[in-house]
Structure formats: C-alpha cells, structure tokens
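Residue indices begin at 1 and follow the sequence shown. Predicted model, so just to flag it, every value in this text is computed and none were measured. These numbers come from the heavy atoms of this one structure, side chains and all, not from hydrogens, waters or symmetry mates.
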Amino acid sequence: MLSFLPNPLVLPVGMVIGILVAAPVGPVNVLCIQRAIARGMWGGVAAGLGAVLGDGLIALSAAMGVGAVSGAVAYHRTAIQVVGGLVLILFGWRLYVTGPQINGSAENGGGNGSLKAYLWDIPKTFFLTVTNPGAVLGLFAIFGGISTFVEVKGPIEALLMVAAVMFGSLCWWVGLSYVVARLRHRLSLDRLVMINKIAAIALVIFGAVLIGEIGYMKLLGSAPG
C-alpha cells in the first residue's frame, strides 16, 4: 500500500527548485521590482505570475521527460534568443521613456491601477521566461540532476513536482513584491525616476547580452539553430 504513496521529498525539493529558478537577478526580477514600486504589491505579484506559469510549463515538460522540448530549444536557440533579446530591449525602451507613476497606498502595499494593466504583465513575463533558452535548458538540467536524488515515478509525482516548483516560484514573487511594496513609500520622486531608468537600462542590457552572445557564438562558428 505504501508503494502508492508519493515520495515525500517531491514537494520540498520542488519548492526549493522553484525558488532557485526564480531568485537569480534577471529581467523578470527587474520588471517585478519596478511594478511593485509603481503599482504596489499586487502589481509585482501580477508580473511574477507570468514567470510562475512559464516555470510550470517548462517544469511539466521536464518532469514528463519530453526530451524533444529541450532538443527543440537547443536547436532553435538562436531564433528564440534573438526574439527574446529584442523584446527585452523594447520593454526597456518603453520603460525608459515612461515616467514612474505611483498608484495606491504605500501603507497597505496596494495599487489602484487598472485590472487590464495588471493582467497584461502576466503574458509579458511568461514570454520572457519561455524565450530565455538558458532558463529553459537550466531547468531541464536541474530536473536531470535531481533525478538521481529524488526519483519521480509516474504522472502523479511528476504533477506534484511541477505544482511544488510553481508554488516555490510563487512564494518568491509574493515575498519580493511584499518587501518592495513595504519600502516604496520611502522613495522620493527623484529616486523613483532613477530606479525607473535603472530598471529600463538593465532590461536593455539583458536584451543586448542575449543578442550579443549569439553574435559572439556566430563568430566562433558554434551558434546553434
């Protein structure tokens, strides 16, 4: 009977993976922080939800052993990385030319931005997540590595692992958004403008690095796709 019970390590290991995947500073973290400053906690959470869904989709493919996905990502890495880089540069440019707008009350961390504005950030960060070849292949590599430590048997444990990864990722975005939202009321308008521009420049740099890496690999004659 015990053989039907899922491995108890699946949930905690999955949560740790979700946090480790979400925590490194990258374009989604930058966008989430900027949104939490501008719109409050829920603005940051909305931006993070797209990453949660993206991580969940990648984790599901990895947990189900869909090797074709990682193979396709590796094969088409050039196109995916260039598109992702261009999108990041576009996001950064739009953020740079848009002045910071503070919505809601700093005390409760809320925001009064429109629901449409919040929801529109979800597909943005989802796209940024799934068009990051390094993140996709990295998550596949993590799943390959933990298979020697926590064996995932059957679809039920695979789905539990995916759910745990998504929950861990969600915990990171909620925690980050909460902390930033609690501190936003201490920022003057000048500092907000500076943070907005720094976030914009960071996004442009991330995009340029993605495209530059492909150019460098092309020069070496080793770029895939």
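For the pair R35 and K124, the minimum side-chain heavy-atom distance is below 4.5 Å. The side-chain heavy atoms of L57 and T129, taken from C-beta on, include no pair separated by under 4.5 Å. Considering only heavy atoms from C-beta on, V162 comes within 4.5 Å of M166 through its side chain. The side-chain heavy atoms of V52 and F126, taken from C-beta on, include no pair separated by under 4.5 Å. Counting heavy atoms from C-beta outward, I37 and L183 have side chains that stay 4.5 Å or more apart.
Of all the heavy atoms in M41 and A181, the pair that sits closest is N-CB, 3.4 Å. Among all heavy-atom pairs drawn from S169 and A22, the shortest one is OG-CB, 3.9 Å.
Note on residues 14-34: no pairs pass salt bridge (charged side-chain N to carboxylate O under 4.0 Å, His left out), not counting sequence neighbours. Applying the side chain to side chain donor-acceptor pair (under 3.5 Å) test to residues at least two apart or on different chains, none of the pairs has a partner in residues 8-28.
In terms of the side-chain contact (heavy atoms from CB on, under 4.5 Å) criterion, residue partners of L176 (sequence neighbours excluded) are, by chain and number, N29, C32, I33, W172, W173, V180. I198 meets the side-chain contact (heavy atoms from CB on, under 4.5 Å) test with M194; sequence neighbours excluded. For L49, the side-chain contact (heavy atoms from CB on, under 4.5 Å) partners two or more places apart in sequence, or in a different chain, are V45, I122, L170. The side-chain contact (heavy atoms from CB on, under 4.5 Å) search around V21 returns I17, D55, L139, I142, not counting sequence neighbours.
A distance of 14.0 Å separates CD1 of I211 from CZ of F206, quoted to the nearest 0.5 Å.
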Working for side-chain contact (heavy atoms from CB on, under 4.5 Å), residues R39 and D121: CA-CA 12 Å; R39 299 173 181 169; D121 279 336; 2.6 Å; yes
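Residues L53 and W120 fall into different hydrophobic clusters, defined by Ile, Leu, Val, Met, Phe, Trp and Tyr side chains chained together at heavy-atom separations under 4.5 Å.
L20 belongs to a hydrophobic cluster whose other members, connected by ILVMFWY side-chain contacts under 4.5 Å either directly or through intermediates, are V16.
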